[in-house]
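All remarks here apply to the structure that follows.
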Amino acid sequence: MPSNTLLLIKTFLKSTSDINVLKFSKDKSKRKYAKNSLIGQTILYVMLLVYATLLSVGLAKSGQALVIPELCAMLLLGMPFLFTLLKSSGYLFGFKEYDMIMSMPFSVKSVIESKFWYMYIKSIPMYGFISLSMLIGYTVGGYLKVWSCIAWIVMTFAIPLLPMVLASALGALVTKIGSGFKYKNIARAVFTIIIVLPMFFINFFVDDSMNEEDLENMLNIVSDRIGSSSSYVPFAKWFSEAVNDGVVSSFLLVVASAILVYELFVFSLSKFYMKMNSQLSAGTNSKKYELTSQKQMSMVKAVAFKEFKRMTGSSTYLVNAGLGQVMATAMGIAMLFVKPEVIIKSMMHGAPLEASMVFPAIPILIYFFLGMVPTTCCSPSLEGKNYWIMQTLPISPMDDNKGKMLFNFYMTIPFAVFATVTASICFRVSVIDAITSIIALCSLCIFSTVYGLRCGLKHRRLDFENEIEIIKQGMAVSMNIIPHLIIGIILMPLVVLANYVLHNVAVIMLLITLIAWIFIMLAWAGVKKYTR
């Protein structure tokens, strides 16, 4: 790797490293933010390690250890592709320091390589922990050899290159196409969502083979599915042959393919990289501006409109904060055409439950989409260097907060009502059940909005280098995801169980509403505490 590329990578890492902040910074707030960020990352990695280890050990104990390498390879291909697709444009194109870097004596190739490897280094710990967990299960199966261990570790770092390059290439293609539109960021976001969205609904198209309740049968099914899937993915097959059979040529094919694809990507992108960034930064010069009557609105609505303009000004922000709304809408439309039995089969893996029992879990699932990344998590930090402008305007901090929350209400409540109404039609529930479900879901959306703002204010970071650090890797987003996952994972089966006992959807929904408002009050107290 050229020395210029290494220098840029080193600079990017040092400027964004939490460890570096703890080591050299004297600012207490920055040190606290860095410490909390490291703790959050550690918790995430430990959770991944435990979950993946349990899965791989379960396969090993059931005599399916030989399929673990293929499973590992499929995860190392699928996860990097999805996550990179959502953030590659923010790393590679239109980043804040682009003009400064390009004015320095660095080649275009060095800039592209440094940005890609920076993204790779920031992401690889997650994939490394997953692969390590799979390796533990493989060891339990008794198949581990010295060569297998070496090949496994090397390919752990090589395989993610393939999906990351593919996702980056798709991101570059989307950016290239989107740059030709008048509203570039919106166009880029739409094309990205079109690519990503089908991945979240693929479960509706799987067959009936996951209906078995026996754990051993389920693991056998997982093994069969991995084997059939890997036949279409040669890299997973090569990974398995290199580890299980010690085939050196398969190992070399994985490594060589990763290097070759990477070099082709960098070479191709470098040909039109500067032109693409110029198109993204160019304004619409041909537009004629005319002074017309000015619209008047309240201070809170004005702040909400400002948040709307900020969101549509960033394709990365638009995709990550708007994907849940698109998913909820797609789910709502699908429920107008899909029978309840199909939805129950997909959610409950064929468990013998009636539609009326499962319905209370539907609003929770919709909330899982809508509350994934509330805009209030990101907006306090995304003000960045413009924060001083808001401080000098005659706007009280609480009005600013209310405007931020109002915008997130616009982003969630209409979609929540639409999806719940279509679900009520699909499941043929009573009007009372439908109304109470709408009230409960709206209450949960209010909670995610207020709690997201509390996290955004407490973990506000204005000195970010790239907005990806706030939108996908920010401490505020991480702290919001924890209760969100708990609500999604625990509450869905809990409300189904409660309905099985009570046989009263309205009572369950009103109880959820009451609990939600208790937590809303607690979150609002946090908002007032951290508002300044």
Side-chain angles (χ1 to χ4, degrees), residues 1-3 5-6 8-10 13 52 56 65-85 88 91-92 109-110 112-139 141 143-172 226-227 229-270:
M1 187 178 294
S3 58
T5 303
L6 289 173
L8 282 172
I9 295 172
K10 185 178 179 181
L13 290 173
S56 60
L66 290 176
V67 83
I68 295 176
E70 293 181 18
L71 173 60
C72 179
M74 296 296 286
L75 290 174
L76 292 178
L77 288 166
M79 292 180 64
F81 177 81
L82 178 60
F83 294 146
T84 304
L85 191 61
S88 61
Y91 275 111
L92 293 173
K109 186 173 182 290
S110 293
I112 296 172
E113 286 184 324
S114 62
K115 279 295 181 179
F116 180 87
W117 284 109
Y118 172 71
M119 179 173 61
Y120 173 87
I121 292 170
K122 296 284 283 187
S123 305
I124 199 62
M126 178 189 296
Y127 313 137
F129 270 87
I130 292 172
S131 182
L132 176 63
S133 307
M134 299 284 107
L135 184 58
I136 291 172
Y138 191 71
T139 305
Y143 292 96
L144 187 65
K145 301 175 183 178
V146 175
W147 163 253
S148 301
C149 184
I150 295 173
W152 192 303
I153 293 172
V154 173
M155 289 188 293
T156 294
F157 293 96
I159 280 189
L161 273 176
L162 296 162
M164 290 182 73
V165 167
L166 178 58
S168 298
L170 281 173
I226 293 168
S229 300
S230 64
S231 62
Y232 300 100
V233 185
F235 302 105
K237 182 181 179 182
W238 295 339
F239 189 102
S240 176
E241 290 175 349
V243 172
N244 290 332
D245 305 322
V247 180
V248 178
S249 60
S250 297
F251 168 78
L252 294 176
L253 278 171
V254 170
V255 177
S257 298
I259 296 173
L260 178 62
V261 169
Y262 165 75
E263 290 294 341
L264 286 173
F265 166 72
V266 173
F267 175 78
S268 302
L269 184 59
S270 62

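None of these values were measured; they are calculated from a predicted model.
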Reported [atom1]-to-[atom2] distance for the pair [X] and [Y], which is rounded to 0.5 angstrom:
X      : Y      : atom1 : atom2 : answer
Ile112 : Leu269 : CD1   : CG    : 4.0 Å
Phe251 : Asp245 : CZ    : CG    : 15.0 Å
Met79  : Thr84  : CE    : OG1   : 10.5 Å

Open item on the list: I need the full list of side chain to side chain donor-acceptor pair (under 3.5 Å) pairs touching residues 247-257, with sequence neighbours left out, sorted by first then second residue.
Closed with: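 Sorted pair list: Glu241-Ser250.
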
Task: Within residues 154-170 or reaching into it, pairs that qualify as side chain to side chain donor-acceptor pair (under 3.5 Å) - sequence neighbours excluded - done: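 Output for this query lists Ser131-Thr156.
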
Shortest non-hydrogen contact between [X] and [Y], atoms and distance:
X      : Y      : value
Val165 : Tyr262 : CG2-CA, 3.9 Å
Ser114 : Thr5   : N-CG2, 3.8 Å
Tyr120 : Pro160 : CE1-CB, 4.4 Å

- [ ] Taking Tyr138 for its side chain and Ser56 for its backbone only, find out whether a donor-acceptor pair lies under 3.5 Å.
- [x]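 A pair under 3.5 Å: no.
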
Task: Sidechain-backbone polar pair: Ser240 side chain, Lys237 backbone, donor-acceptor under 3.5 Å - done: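 No.
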
TODO: Might you work through the side chain to side chain contact (heavy atoms under 4.5 Å, CB included) test for Trp152 and Phe239, ending with a clear yes or no?
DONE: CA-CA 8 Å; Trp152 192 303; Phe239 189 102; 4.0 Å; yes

Task: Sole residue of Ile259, Ile159, Leu161 in side chain to side chain contact (heavy atoms under 4.5 Å, CB included) with Val254 - done: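 Going through Ile259, Ile159, Leu161 one by one, the side chain to side chain contact (heavy atoms under 4.5 Å, CB included) with Val254 is satisfied by Ile159 alone.
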
Open item on the list: In terms of relative ring orientation, are Trp238 and Phe235 parallel, tilted or perpendicular, with 30° and 60° separating the classes?
Closed with: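 Perpendicular.
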
Task: Step-by-step side chain to side chain contact (heavy atoms under 4.5 Å, CB included) determination, Leu8 to Trp117 - done: CA-CA 10 Å; Leu8 282 172; Trp117 284 109; over 6 Å; no

Task: Lys109: side chain to side chain contact (heavy atoms under 4.5 Å, CB included) partners, not counting sequence neighbours - done: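 In terms of side chain to side chain contact (heavy atoms under 4.5 Å, CB included), with neighbours along the sequence ignored, Lys109 is linked to Ser107, Glu113, Glu263, Val266.
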
- [ ] Applying side chain to side chain contact (heavy atoms under 4.5 Å, CB included), run through Leu76 and Met134 and close with a yes or a no.
- [x] CA-CA 11 Å; Leu76 292 178; Met134 299 284 107; over 6 Å; no

